[in-house]
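Throughout, protein chains are lettered first and strands after them, A, B, ... in sequence-line order, and every chain is numbered starting at 1.
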There are 2 protein chains.
Amino acid sequence: MGEIRQAAVRNNLLRLVSAESFDAIAKHLEFLELPRGFELSEPHEEADYAYFPESGIASIVARSPQGQHAEIGIFGRDGMTPATVVLDAGTDPYSIFMQVQGEGYRVRASILKQMLDEDAAVRVLLGRYAQALSVQGAYTSLSNAVHHIDERLARWILMCHDRTDGDEISLTHEFLSIMLAVRRPSVTTALHMLEGRKLIYSERGMIIVRDRPALEQFANDAYGECEREYFRLIGPFS
Amino acid sequence: MGEIRQAAVRNNLLRLVSAESFDAIAKHLEFLELPRGFELSEPHEEADYAYFPESGIASIVARSPQGQHAEIGIFGRDGMTPATVVLDAGTDPYSIFMQVQGEGYRVRASILKQMLDEDAAVRVLLGRYAQALSVQGAYTSLSNAVHHIDERLARWILMCHDRTDGDEISLTHEFLSIMLAVRRPSVTTALHMLEGRKLIYSERGMIIVRDRPALEQFANDAYGECEREYFRLIGPFS
DNA sequence: ATCCCTTTGTCTGATACCGTACCGAGCCCC
DNA sequence: GGGGCTCGGTACGGTATCAGACAAAGGGAT
């Protein structure tokens with residue numbers, strides 16, 4: 001702790017705060033592994049820590065009273081949790097957990113909160129991130145309503161690819177089916193479809209992007225809007 | 001202008017600010033009719049005014065590049081637009097327009113923005129409202145993904161009923177079909193279903209809630225979560 | 001190797017919903 | 001009180017997806 005160089009950090013939000021703000025927060029940052037399944041936040045519970053992933057992918061899932069669930073958004077080194085901290089909301093009703101393992105920094109939520117009170121620039125940045133996340137949820141909603149499974153799957157693979165270093169994404173069909181709120185066998189067939197078009201390779205527990213431009217073209221209407229909105233609100237990341 | 005009594009106001013957010021904050025904003029409030037179809041905000045355009053409805057219902061719709069669309073949330077006197085103002089986001093990608101005619105106040109966005117900079121309590125309130133709206137979007141997403149048309153329709157009627165004075169909601173099937181992102185005839189059949197169960201009456205251009213508790217029971221898994229979250233974040237309204 | 005467990009592939013029938021089209025009914029307006 | 005428009009009801013074939021079950025294949029541990 002206390003000797004993290006901002007230039008070496010990969011999390012986009014941590015990179016974008018001013019050097020002064022970064023120094024203020026850096027001494028409280030703790031680096032840790034984020035294994036698959038790691039819970040970053042549980043529904044209706046006040047989070048002890050805020051997490052800023054350096055790698056890996058986290059999933060935000062809403063659950064109905066009867067236990068139905070659907071993913072409303074994902075983030076990796078483009079984001080953080082809990083976004084509610086900047087809105088003084090205390091808790092949110094979501095499960096947030098690591099879906100592709102990675103690493104990241106965490107800081108006590110109380111410390112981050114205090115920083116936000118004192119540092120308007122950081123407050124603005126995280127506020128804009130909260131908006132980007134909300135827009136991501138909105139477009140997930142649209143996609144759930146109007147797009148076919150294979151398009152939604154393509155969208156989802158693209159969104160993961162954006163947040164991953166190579167072309168390999170480590171995921172099971174089972175997991176994908178939860179994320180897309182469809183049956184597991186539907187994922188299998190949809191993946192075969194994408195594989196047949198030579199857009200991806202699919203192996204046991206692994207999806208490999210083979211032709212990203214064609215994949216974007218296939219996802220077509222389902223991909224792009226909320227990425228553009230992130231770019232407008234926060235800026236580029238890669 | 002300038003002589004609006006806070007106790008006479010019906011918009012929940014305006015009611016909840018302190019008397020001092022209200023006095024500061026009241027002199028800038030302008031009362032106006034909000035006819036059906038009135039545009040409160042257009043996608044990617046900076047809004048000139050912020051609107052606080054006193055009655056009627058506004059709809060927030062996301063549009064895909066190809067022109068597909070789906071509703072992600074609604075608000076009436078429980079809310080305001082643009083929620084982005086508190087997040088310094090400038091614009092959002094949604095169409096926001098009146099769906100059931102009503103009345104409301106508006107204030108120049110620049111004035112509201114300035115107030116937010118100076119008044120932390122108002123900033124917190126609107127921030128929490130932004131969160132409530134985001135959660136509403138998340139549960140719309142969940143509903144789009146996992147619930148059947150008739151349940152979603154019931155949910156939607158309940159949400160409108162919450163924001164209406166009587167039991168009558170003035171809406172065409174066409175409009176409903178856009179909101180639920182389904183075919184118009186599907187709405188017709190679903191409404192018949194609800195009518196057959198004696199939960200509503202349905203007339204030309206009008207839906208009348210007949211048995212609200214039973215309607216809630218029917219909507220079951222689809223209704224309630226985001227209402228509870230609004231209550232937690234903001235408080236009751238009625 | 002052998003066992004076991006996770007993950008993936010495939011099948012069957014059922015169904016919710018779609019796209020499209022067409023017609024009837026209510027309502028406004030001259 | 002008829003013309004025309006909006007709105008609602010209904011019908012038909014088509015298909016994307018579901019529900020559930022089962023079998024095969026990969027991979028780790030003994």
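- Look at CD1 on A:I200: it is 12 Å from P on C:dT8, rounded to the nearest Å.
- For C:dT10, the OP1/OP2 oxygens have no side-chain nitrogen or oxygen of A:T189 closer than 4.0 Å.
- Between the P atom of D:dG9 and the CG atom of B:L191 lies a distance of 8 Å, rounded to the nearest Å.
- Rounded to whole Å, the distance from CG on B:L176 to C1' on D:dG9 is 15 Å.
- Atom pair A:E203:CD and C:dT8:P shows a separation of 11 Å (rounding to whole Å applied).
- In this structure, B:E151 places its CD atom 12 Å from C1' of C:dA16, rounding to the nearest Å.
- Checking the phosphate oxygens (OP1, OP2) of C:dT8, no side-chain nitrogen or oxygen of A:H192 falls inside 4.0 Å.
- Between A:E195 and A:R204, the residue anchored nearer the 5' end of DNA chain C, judged by the nucleotide with its closest heavy atom, is A:R204.
- The side chain of B:H148 sits closest to C:dC17 out of D:dC7, C:dC17, D:dA16.
- Scanning atom types as modelled, no donor and acceptor separated by under 3.5 angstrom connect the side chain of A:R184 and the base of C:dT7.
- The phosphate of C:dG9 (OP1 or OP2) has a side-chain N or O of A:H173 nearer than 4.0 angstrom.
- The backbone N or O of B:R77 lies less than 3.5 Å from no partner atom in the side chain of B:R10, so there is not a single donor-acceptor pair.
- In the interface, the side chain of B:R183 is paired with the base of C:dG19 through a donor and an acceptor atom under 3.5 Å apart.
- When the nucleotides C:dA25, D:dT17, D:dT10 are ranked by their closest atom to the side chain of A:S186, D:dT17 comes out on top.
- Without hydrogens or angle criteria, A:Q131 side chain to B:A89 main chain gives no donor-acceptor distance under 3.5 Å.
- Closest to the A:P185 side chain, of the nucleotides D:dG9, D:dA21, D:dC18, is D:dA21.
- When distances run from any side-chain atom of A:I149 to the nucleotides D:dC18, C:dA25, D:dG27, the shortest one goes to D:dC18.
- D:dG26 atom C1' lies 17 Å from atom CD of A:E174, rounded to whole Å.
- As rounded to whole Å, 16 Å separates atom C1' of C:dC18 from atom CD1 of B:I178.
- B:H147 and B:R155 form no side-chain donor-acceptor contact under 3.5 Å, judged by distance and modelled atom types alone.
- Partner of A:Y230 under the ring pair (Phe, Tyr, Trp, His ring centres under 6.0 Å) criterion, chosen from A:Y139, A:F237, A:F75: A:F237.
- Picking from C:dG9, D:dG9, D:dC18 the nucleotide with the shortest atom distance to the side chain of A:T188 gives C:dG9.
- Distance, A:Q68 CD to D:dC18 C1': 12 Å, rounded to whole Å.
- Look at B:D211 and B:K198 and you find no salt bridge, because none of the NZ, NE, NH1 or NH2 atoms lies under 4.0 Å from a carboxylate O.
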